[in-house]
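A note on names: the letters A, B, ... follow the listed sequences, proteins ahead of strands, and every chain is numbered from 1.
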Amino acid sequence: MAYWLMKSEPTVFGIEHLQQRDVALWDGVRNYQARNFLRQMKKGDMAFFYHSNCKVPGIVGLMMIEREGYDDPTQFDPHHAYFDPKSSLAKPRWTGVDVRFVEKFQDTLSLNTLRAMPELADLPLVRQGNRLSLMPVSDQQWQVIWAHCKR
DNA sequence: GCCAACGTTGGC
DNA sequence: GCCAACGTTGGC
């Protein structure tokens, strides 16, 4: 089983949305590096839910990969914000996964706190200027983060 | 709202 | 294939 961290803007799709829906498609990833990670995800993998572009960016909860990578349907829909005219049913470009809500933490584990953990120095999230929207988390990194999550 | 950092696009 | 211009991300 592998571990991941996945970013989303809470005004677009936050942990509360996932909590309400229980299972949701993680769509809209339009970056090849991130897409390739999506394709590596396996059912049962665990992922931290990270809120970005908000007042207190940080880890807010836990989810599980429910369904492995399949064609992100939004790429085909010309009326959708995530539409990609260069993609087609014959040659789809983008992948989504289904994620299942597991829990919401009592407090946000803020980016500032994460940056203060020396064990996370190699995590792309804490590096300056990083824009990768989802990334693998090593076993050791996971343990360190998990120990700080208020449950 | 600002803007640095980054990825993508497209002319050449 | 280079690289300037452009658009986007995301912390602050």
Side-chain angles (χ1 to χ4, degrees), chain A residues 2-21 24-41 45-65 68-138 140-142 144-150:
Chain A
Y3 297 112
W4 307 92
L5 181 143
M6 302 166 78
K7 295 185 195 173
S8 184
E9 300 189 21
T11 56
V12 178
F13 186 81
I15 186 77
E16 281 89 1
H17 297 108
L18 182 58
Q19 189 167 21
Q20 282 184 352
R21 301 256 304 275
L25 165 66
W26 198 273
D27 60 9
V29 172
R30 296 293 181 267
N31 168 282
Y32 287 103
Q33 194 182 357
R35 182 205 67 179
N36 293 341
F37 286 137
L38 278 176
R39 291 180 175 178
Q40 293 173 24
M41 291 180 178
D45 283 358
M46 304 300 295
F48 286 126
F49 196 128
Y50 178 93
H51 278 179
S52 67
N53 204 9
C54 57
K55 199 169 179 183
V56 183
I59 291 171
V60 294
L62 184 65
M63 52 193 168
M64 176 182 291
I65 305 306
E68 295 175 14
Y70 60 102
D71 292 347
D72 177 349
T74 64
Q75 69 191 303
F76 308 123
D77 179 1
H79 302 296
H80 199 285
Y82 297 150
F83 175 62
D84 182 354
K86 292 177 180 169
S87 189
S88 67
L89 282 166
K91 276 202 164 188
R93 288 192 168 193
W94 305 113
T95 297
V97 296
D98 285 353
V99 293
R100 174 178 292 279
F101 176 82
V102 176
E103 66 177 303
K104 180 186 168 189
F105 299 137
Q106 286 176 25
D107 300 313
T108 298
L109 180 53
S110 73
L111 177 60
N112 282 339
T113 305
L114 294 166
R115 284 211 162 114
M117 302 181 191
E119 300 91 341
L120 303 184
D122 291 336
L123 191 66
L125 181 79
V126 304
R127 292 210 288 266
Q128 192 200 9
N130 176 69
R131 292 162 50 178
L132 190 59
S133 67
L134 62 95
M135 64 197 72
V137 175
S138 73
Q140 193 215 353
Q141 289 167 341
W142 184 274
V144 170
I145 298 169
W146 182 249
H148 283 79
C149 293
K150 294 251 174 65

(Q) Does dC12(C) have OP1 or OP2 under 4.0 Å away from a side-chain N or O of Asn112(A)? (A) yes

Q) So what does Arg30(A) hit on the nucleic acid, given a heavy-atom distance under 4.0 Å: a base, only sugar-phosphate, or nothing? A) nothing

Q | Any residue meeting side-chain contact (heavy atoms from CB on, under 4.5 Å) with Asn36(A), in chain and number order, not counting sequence neighbours | A | none

Q | Residues forming a side-chain contact (heavy atoms from CB on, under 4.5 Å) with Asn112(A), sequence neighbours excluded | A | Ser110(A)

Q | Passing option when Trp94(A) is tested against Tyr82(A), Phe83(A), Tyr70(A), Tyr32(A) for ring-ring contact (aromatic ring centres under 6.0 Å, His included) | A | Tyr32(A)

Q: State whether Arg30(A) and Asp72(A) are salt-bridged, where the test is any N-O pair (Lys NZ or Arg NE/NH1/NH2 against Asp/Glu carboxylate O) under 4.0 Å.
A: yes

Q | Closest contact, heavy atoms only, Val56(A) versus Thr108(A) | A | O-CG2, 3.7 Å

Q. Can you check the Arg127(A) CZ to dA4(B) C1' distance for me, whole Å?
A. 17 Å

Q) Can you list, by residue number, the residues of residues 82-90 of chain A that have a non-hydrogen atom closer than 4.0 angstrom to DNA chain C? A) none

Q) Can you tell me how far the OG1 atom of Thr95(A) sits from the CD atom of Gln75(A), to the nearest 0.5 Å? A) 7.5 Å

Q) Of all residues at least two apart in sequence or in a different chain, which pass the side-chain contact (heavy atoms from CB on, under 4.5 Å) check with Phe76(A)? A) Asp71(A), Ser87(A), Leu89(A), Pro92(A)

(Q) Tell me which pairs pass salt bridge (Lys or Arg N to Asp or Glu O under 4.0 Å) where either residue lies in residues 110-125 of chain A, with sequence neighbours left out. (A) none

Q) Once each nucleotide of nucleotides 5-10 of chain C is scored for protein heavy atoms under 4.0 Å, what B/S/- sequence comes out, 5' to 3'? A) --BBSB

